[in-house]
Amino acid sequence: MAELKNLTKRGENYSQWYNELVVKADLAEQSAVRGCMVIKPYGYAIWEKMQRQLDDMFKETGHVNAYFPLLIPKSFLSKEAEHVEGFAKECAVVTHYRLKNSEFGGVTVDPAARLEEELIIRPTSETIIWNTYKNWIQSYRDLPILCNQWANVMRWEMRTRLFLRTAEFLWQEGHTAHATKEEAEAEAVKMLNVYSTFAEKYMAMPVIKGVKSESEKFAGAVNTYTIEALMQDGKALQSGTSHFLGQNFAKAFDVQFLDKENKLSYVWATSWGVSTRLMGALIMSHSDDNGLVLPPALAPIQVVIVPIYRGEEQLAQIDEKVAGIVSALKAKGISVKYDNADNKRPGFKFADYELKGVPVRLVMGGRDLENNTIEVMRRDTLEKETRTCDGIVEYVEQLLADIQNNIFEKARKFRDESIREVDTYEEFKKEIEKGGFIYAHWDGTAETEELIKEETKATIRCIPEDMDATPGVCMVTGKPSARRVLFARSY
RNA sequence: CGGGGUAUAGCGCAGUUGGUAGCGCGCCACGUUCGGGACGUGGAGGUCGGAAGUUCGAAUCUUCUUGCCCCGACCA
C-alpha cells in the first residue's frame with residue numbers, strides 16, 4: 001500500500017500504478033506464457049458477476065448461448081477480404097498435432113505430423129460461425145438466429161497489459177442473422193444499448209455511444225457502433241463494440257435463404273462483444289490511492305464486518321451480536337463477509353479490504369458492544385461514522401445504493417468536464433496533451449484522420465450519437481465538415 | 001521488427017579498485033499484542049539468467065546467448 005501511494009495517478013507512472021494495483025488487489029498476474037494473464041479468484045469473482053449480469057441482459061433481449069470451436073481452418077479466415085487483412089498479423093497458428101522424444105532430450109515437434117491445413121486459434125469467431133450458420137439457414141422461417149458465445153480468443157499482440165490487452169482474453173461474442181437489413185441494423189443498435197446500460201448502471205462507468213470512423217471500424221463490418229469511456233489518466237478506452245456486418249459474411253460464406261416470395265437472398269448479420277477489458281475499465285474508472293473502488297452492483301463482497309476484540313470471550317460476544325446482522329443482510333440479498341480470522345490484525349484487514357474495493361465496512365468492538373453501536377465506513381469517500389445497531393441493515397442497504405450512484409456521478413462529472421470543443425488545429429494539439437475528449441470538426445477523409453493520428457497520437461474515438469451535429473469546417477484542412485467528431489488518445 | 005534498459009532469496013533491491021553473499025518486505029516458530037497495515041527473540045531460504053573465456057581467485061572483466069521491462073509500429 002505504501003508503494004501504491006508513492007505513485008502518482010495521473011502522471012507518467014499511471015501504467016505502473018495500474019499494474020501494481022491489479023497485482024496487489026489480487027485480481028490478476030502475468031503468467032509464465034508471454035502476454036498471457038492469470039485471473040486470480042478475486043478478479044474472476046468480479047468477472048463472473050459481470051458475466052452473469054450481461055448474460056441476463058442477453059437473455060432478456062431474446063438471445064441464447066452456444067459454443068463454437070477454438071480452432072479455425074486457415075482458409076476460413078481468408079474468405080472475407082477485409083477481415084483477414086485486419087486479423088492476419090496477430091494470429092497464432094497450429095501447424096502440428098504430435099510431439100516426439102528428441103535426440104537432444106525433452107520433446108520436439110514431430111515433422112511427420114504436419115497438418116495438411118493449418119488451424120488458426122480464433123481471434124474472433126465470425127468465420128467459423130458463418131460457416132456453421134450456412135447449414136442452419138435455408139428459409140426465412142430459420143431466421144433470426146440470435147446466438148451468443150462465452151469464450152476465450154487469442155490475438156498475438158506486440159505489447160500487452162493486464163486486462164487491457166492480453167494475448168488471450170475472455171469475452172462474449174454475439175452473432176446474429178436476420179432476414180432484413182433494417183432488422184440487423186436495429187439489432188446492432190439494440191446491443192450497443194445493452195452495453196451502455198450495463199456500463200452505466202452496473203459498472204457505474206459513463207460511456208459515450210457512437211459510430212466508428214471508416215478506418216477505425218471492425219475488419220469486415222459495414223458499421224461499428226462503440227461505447228467509449230474515459231479513464232482517470234485522461235485516456236479513452238473502447239469498452240464494447242457492436243457491428244452491423246451487412247451481407248459481407250453471408251456472401252463470403254454463401255449463406256442464402258428463401259424469403260416469403262420464394263426469392264433467394266443473402267442474410268444480414270451483426271456481431272457484438274465485450275471482454276475482460278471491462279475489468280481494466282472498471283479498475284481505471286474508480287480506483288484511488290488506497291486501491292480499488294468497486295461499484296456495489298459488481299462487488300463480490302459488498303459488506304465486510306471486522307471485529308475488534310481482546311480475548312476469546314469478547315470475540316464470542318461480538319460473534320453473537322454480528323451473526324444477527326449478517327443473516328439480516330443476507331436476507332436482503334447483500335453479500336457479506338464476517339472476517340473474524342485471528343491471524344490478521346484489524347488495521348491490516350482495514351487496509352486490505354480497502355485495497356480490494358469492498359464498498360462498505362462495518363466494525364464492531366468492545367465499545368460498540370456496550371453502546372449497541374457499530375462503525376460504518378464507505379469505500380468511495382472513506383467516511384466513517386459510528387451509529388446505533390438499530391436499523392443498521394436498512395441503512396447499509398441504502399448506503400450501497402448511494403455508493404453506486406455516487407461513484408457514477410463522480411465519474412460522469414470527471415468525464416463531462418474533460419470534453420472540450422476546439423476549432424483550430426493549434427488549439428487541438430495543445431488540448432490533446434491535457435487528456436480527455438476533444439470535440440472538433442474533421443473533413444471526413446482517412447488522410448486527415450491519419451495525419452492527426454501521426455502528429456498527435458489522437459484518434460477518432462467515435463462519431464457520437466447524442467452530441468451537437470451541426471456542420472462546420474475541418475480544423476486541419478478548412479474543408480467542409482458534416483459535424484464534429486470525438487477525438488482522444490486511447491488505450 | 002527498430003531504439004533503450006535490466007537480469008543477485010518468493011517479491012523489491014545493494015554489492016566500491018576482482019578476494020568467496022547482503023539488506024528490506026514476505027515466510028516459519030514462540031511470546032506479548034489487537035479501535036488504521038504491531039513488536040521482540042529465534043529460524044528457513046541463493047551453484048548471482050545460461051555458456052565459454054581471462055585470472056591463484058569472477059556477482060564484478062571479455063565474448064556469445066536467452067528471458068524480461070520501457071519507448072515506437074499493431075490492438076477488444
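Chain letters run A, B, ... following the sequence lines, proteins first and then strands; every chain starts at 1.
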Asker: Is there, by distance only and without an angle test, a donor paired with an acceptor across the side chain of A:K384 and the base of B:G35 below 3.5 Å?
Answerer: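 Side chain to base: no pair below 3.5 Å.
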Asker: Could you tell me whether A:G366 contacts a base, only the sugar-phosphate backbone, or nothing, with contacts defined as non-hydrogen atoms closer than 4.0 Å?
Answerer: base
Asker: Just call it for A:L237: base, sugar-phosphate, or nothing, with non-hydrogen atoms closer than 4.0 Å on any strand.
Answerer: nothing
Asker: Find every protein N or O atom lying less than 3.5 Å from an N or O atom of nucleotides 23-27 of chain B, and list the pairs.
Answerer:
none

Asker: Provide, to the nearest angstrom, the distance between the CZ atom belonging to A:R361 and the C1' atom belonging to B:G37.
Answerer: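 Roughly 12 Å, once rounded to whole Å.
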Asker: For RNA chain B, what string of dots and brackets results from 5' to 3' when Watson-Crick and G-U pairs need both distances under 3.5 Å, crossing pairs get [ ], and pairs with another strand get |?
Answerer: (((((((..((((.....[..)))).((((((.....)))))).....(((((..]....))))))))))))....
Asker: May I have the distance from A:K89 (atom NZ) to B:C1 (atom P), rounded to whole angstrom?
Answerer: 17 Å
Asker: With a non-hydrogen cut-off below 4.0 angstrom, is A:M377 in contact with a base, only sugar-phosphate, or nothing?
Answerer: base
Asker: Are OP1 or OP2 of B:G72 and a side-chain N or O of A:K457 less than 4.0 angstrom apart?
Answerer: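 Yes, such a contact exists.
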Asker: Can A:F169 be classed as stacking with the base of B:A76, given a centroid separation cut-off of 5.5 Å and a plane angle cut-off of 30°?
Answerer: yes
Asker: Measure distances between side-chain N and O atoms of A:R345 and base N and O atoms of B:G35, and say whether any donor-acceptor pair falls under 3.5 Å.
Answerer: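 Checked by distance alone, the answer is no.
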Asker: Would you say A:R310 reaches B:C34's phosphate, i.e. side-chain N/O to OP1/OP2 under 4.0 Å?
Answerer: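 Affirmative; the distance criterion is met.
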